[in-house]
Undergrad: 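The structure's right below; bear with me while I get my questions together.
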Amino acid sequence: MNKLAHSKIWSILMFFIFPFFASAQVENVGDKRLTLYPNQVEVKIPYYGTHSLEEERMDIARAIIVVHGSTRNANSLFRNMRTALFLSDNKDSTLIIAPQFLVEEDIATHTLDATHLYWSGGWRSGDNSRTGSSFPRSLLVSSFTVLDTLIAKLASNYPNLRNIVFTGHSAGGQLTNRYAASTDIVEKLCEQYQIKTKFIVNNPSSYAYMDDKRRVVGTTDRFIRPATSCEEYNNWKFGLNNLHRYQAEKGAAYMRSIFKEREVVYLIGEEDTGTNLLDASCPARLQGTNRLQRAITYFNHLQDTYGESILEKHQFAIVPEAGHNSFDMFTSDIAQVHLFENEPIGCKNGTTSIEEATSHSTFSIYPNPATDYLYISANDHYPEVIYIYDATGKMVKQVKSNTSKISLVNLNAGFYFMAYVHEGRVRSQRFMKQ
């Protein structure tokens with residue numbers, strides 16, 4: 001059998017096998033319920049939470065919403081995020097919510113009543129819930145509408161809530177990327193409650209591209225309109241053509257415009273180069289050969305599409321020694337900072353923007369370009385931890401003690417990014433080593 005024939009057979013097998021393994025019934029269903037009443041019809045989904053969405057709490061300032069992978073293992077993600085929270089200094093003022101998007105097999109196995117919504121794999125891209133002869137439902141609801149309702153309930157029941165961090169791992173990372181590009185809840189939270197929102201995308205299998213170009217094969221930073229027989233490569237969920245109902249109500253132009261204004265952090269495991277549950281469809285293959293390559297390529301795509309201004313609100317980092325594992329991702333140093341420590345970028349109508357914060361910062365680096373050493377000037381205090389990333393997003397140096405001088409002797413010539421916590425927020429600066 002030649003290589004081309006083998007590749008075609010494998011693609012066909014993955015088309016049928018991948019959904020089967022991804023939808024085997026879940027072992028545990030969340031012990032709490034989020035109830036919605038669209039069109040005056042009661043529907044619900046399960047979730048795990050450190051607190052109930054129905055109770056009013058005055059002590060909560062930050063909410064972490066974490067979305068499971070294709071196996072719908074919300075309990076595992078909830079447990080891993082609780083461990084990550086335990087390692088932080090903000091345990092008392094932070095809640096965690098882990099919603100769970102069920103499939104038909106889950107409804108059958110756990111004998112759930114007719115108010116419970118269920119999906120196919122489309123929950124990760126905002127598709128409507130499903131109905132069938134075995135488990136008929138009178139109302140179909142987008143998974144993104146469910147999330148909008150969840151967030152609105154948080155905002156109304158937690159009067160001192162100031163920050164929402166929305167994150168997901170694997171298929172949950174796919175959802176996070178696409179939800180950030182689709183929802184208008186961010187502006188509503190700012191306008192009504194002055195709540196700031198950030199999205200953290202962990203180890204997804206694919207992304208929603210903002211134009212119809214894809215990488216030149218063999219590169220991660222060159223993009224053209226591909227000559228391909230994969231006609232659906234730019235359809236939603238991989239691109240902005242043929243949008244589904246939730247997205248179509250807003251339109252592709254709106255999505256391109258608002259996505260660049262979102263604060264989004266892309267985290268990818270350094271060792272996430274395997275094929276376990278990797279999307280092998282032709283649109284996904286055009287994005288790269290594994291999750292690490294797809295992540296690097298996607299961040300380069302954003303810069304190719306929007307220019308360097310995208311770096312003001314979108315950040316990227318490779319988590320050292322981490323594979324396709326949510327525990328390793330959530331408990332990493334860089335995730336801890338983004339999840340629990342730094343403040344999201346302020347709302348436009350009243351709080352400090354990233355541009356204002358940068359202009360008033362007393363922290364600067366010089367010379368730029370640099371040769372052997374980079375110097376830091378700070379009128380008030382120096383960062384406790386400084387991370388330096390190369391142009392691919394790989395962390396190449398970490399300085400943990402307060403310092404005004406950083407050695408660049410072991411770094412190759414090229415562009416780098418420095419990330420650090422300053423005035424309660426993660427900031428980044430670009431520099432060049434000659």
Side-chain angles (χ1 to χ4, degrees), residues 84 87-90 165 167 198-203 263-272 292 295-296 298-300 302-303 308 310-323 325 327-345 354 357-358 361-370 372-378 380-433:
L87 300 174
S88 79
D89 295 326
N90 299 305
V165 179
T167 187
K198 173 167 58 177
F199 300 87
I200 304 178
V201 180
N202 295 273
N203 292 348
E263 183 179 5
V264 188
V265 179
Y266 307 88
L267 301 181
I268 185 71
E270 180 183 29
E271 298 176 3
D272 198 350
L292 177 60
I296 294 170
Y298 185 71
F299 197 65
N300 287 331
L302 293 177
Q303 295 171 72
E308 286 195 6
I310 196 68
L311 301 177
E312 295 174 354
K313 296 187 178 179
H314 289 236
Q315 300 181 50
F316 176 82
I318 296 176
V319 179
E321 300 180 359
N325 185 295
F327 179 86
D328 291 343
M329 298 298 291
F330 297 159
T331 59
S332 67
D333 289 343
I334 189 67
Q336 285 280 303
V337 170
H338 283 295
L339 285 168
F340 307 115
E341 295 179 21
N342 74 313
E343 289 286 318
I345 296 171
I354 189 169
T358 302
S361 174
T362 58
F363 183 96
S364 61
I365 58 175
Y366 66 94
N368 191 6
D372 292 338
Y373 293 95
L374 189 69
Y375 294 87
I376 298 172
S377 175
D380 45 9
H381 64 274
Y382 293 98
E384 294 182 2
V385 182
I386 295 174
Y387 307 93
I388 295 178
Y389 301 88
D390 66 17
T392 71
K394 181 177 181 179
M395 188 172 70
V396 294
K397 194 176 186 67
Q398 179 176 334
V399 181
K400 288 192 173 182
S401 58
N402 291 342
T403 182
S404 61
K405 179 180 178 182
I406 299 176
S407 173
L408 306 179
V409 173
N410 295 325
L411 300 184
N412 296 324
F415 283 102
Y416 293 86
F417 292 92
M418 171 188 291
Y420 53 93
V421 178
H422 186 67
E423 298 175 348
R425 200 161 56 76
V426 171
R427 306 179 191 275
S428 63
Q429 294 191 33
R430 189 182 189 192
F431 69 92
M432 180 181 181
K433 183 194 174 181

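Heavy-atom basis, side chains included; hydrogens, waters and symmetry copies ignored.
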Undergrad: Side chain of Glu263, backbone of Ile345: donor and acceptor closer than 3.5 Å?
TA: yes
Undergrad: Give the C-alpha distance, both sets of side-chain angles, the deciding distance and a yes or no for side-chain contact (heavy atoms from CB on, under 4.5 Å) between Ile310 and Phe299.
TA: CA-CA 10 Å; Ile310 196 68; Phe299 197 65; 5.7 Å; no
Undergrad: Name all residues meeting the ring pair (Phe, Tyr, Trp, His ring centres under 6.0 Å) criterion together with Phe431; count only those two or more places apart in sequence or in a different chain, and write none if there are none.
TA: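 In terms of ring pair (Phe, Tyr, Trp, His ring centres under 6.0 Å), with neighbours along the sequence ignored, Phe431 is linked to Tyr416.
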Undergrad: Got a second to check how far Asn325's CG is from Glu271's CD, nearest 0.5 Å?
TA: 10.5 Å
Undergrad: Could you grab the distance from atom NE2 of His314 to atom CZ of Phe199, nearest 0.5 Å is fine?
TA: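 If I round to the nearest 0.5 Å, the distance is 9.5 Å.
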Undergrad: Enter the distance from Glu270:CD to Ile318:CD1 here, rounded to the nearest 0.5 Å.
TA: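 Rounded to the nearest 0.5 Å, the CD-CD1 separation comes to 7.0 Å.
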Undergrad: Quick one: does any side-chain atom of Asp272 pair with a main-chain N or O of Ala322 as donor and acceptor, under 3.5 Å?
TA: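 Checking the backbone N and O of Ala322 against the side chain of Asp272, no donor-acceptor pair under 3.5 Å is found.
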Undergrad: Tell me, with the steps shown, if Asp328 and Val319 meet side-chain contact (heavy atoms from CB on, under 4.5 Å).
TA: CA-CA 9 Å; Asp328 291 343; Val319 179; over 6 Å; no
Undergrad: Check whether any side-chain heavy atom of Asp333 lies under 4.5 Å from a side-chain heavy atom of Tyr387, and answer yes or no.
TA: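 Answer yes - side chains close enough.
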Undergrad: Quick check on side chain to side chain contact (heavy atoms under 4.5 Å, CB included): which of Val396, Leu374, Asp372 does Leu408 satisfy it with?
TA: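 Testing each of Val396, Leu374, Asp372 against Leu408, the sole residue satisfying side chain to side chain contact (heavy atoms under 4.5 Å, CB included) is Leu374.
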Undergrad: What residues, two or more places apart in sequence or in another chain, satisfy ring pair (Phe, Tyr, Trp, His ring centres under 6.0 Å) together with Tyr298?
TA: Tyr207, Tyr209, Tyr266, His301
Undergrad: Under a 4.5 Å cut-off applied to non-hydrogen side-chain atoms, are Phe340 and Val165 in contact?
TA: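 Phe340 vs Val165: side chains apart.
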Undergrad: Looking only at non-hydrogen atoms, find the nearest pair between Ile388 and Ile406 and report the distance.
TA: CD1-CG2, 4.0 Å
Undergrad: I'd like to check the ring pair (Phe, Tyr, Trp, His ring centres under 6.0 Å) partners of Tyr375; sequence neighbours left out, ordered by chain and number.
TA: Tyr366
Undergrad: So, taking the atom named OG1 in Thr167 and the one named CZ in Phe330, what distance separates them when rounded to the nearest 0.5 Å?
TA: 5.0 Å
Undergrad: Can you tell me how far the NZ atom of Lys313 sits from the CG atom of Leu311, to the nearest 0.5 Å?
TA: 13.0 Å
Undergrad: Is there a donor-acceptor pair closer than 3.5 Å between any side-chain N or O of Gln336 and the backbone N or O of Ala84?
TA: yes
Undergrad: Are the side chain of Lys198 and the backbone of His338 linked by a donor-acceptor contact shorter than 3.5 Å?
TA: yes
Undergrad: Okay, side chain of Asn203, backbone of Gly269: is any donor-acceptor separation there less than 3.5 Å?
TA: yes
Undergrad: What is the distance from atom CG of Leu339 to atom CD1 of Ile200, rounded to the nearest 0.5 Å?
TA: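 Here the interatomic distance stands at 4.0 Å.
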Undergrad: Do Asn300 and Ile296 make a side-chain contact, defined as non-hydrogen atoms from C-beta onward lying under 4.5 Å apart?
TA: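 Counting from C-beta outward, Asn300 and Ile296 do come under 4.5 Å.
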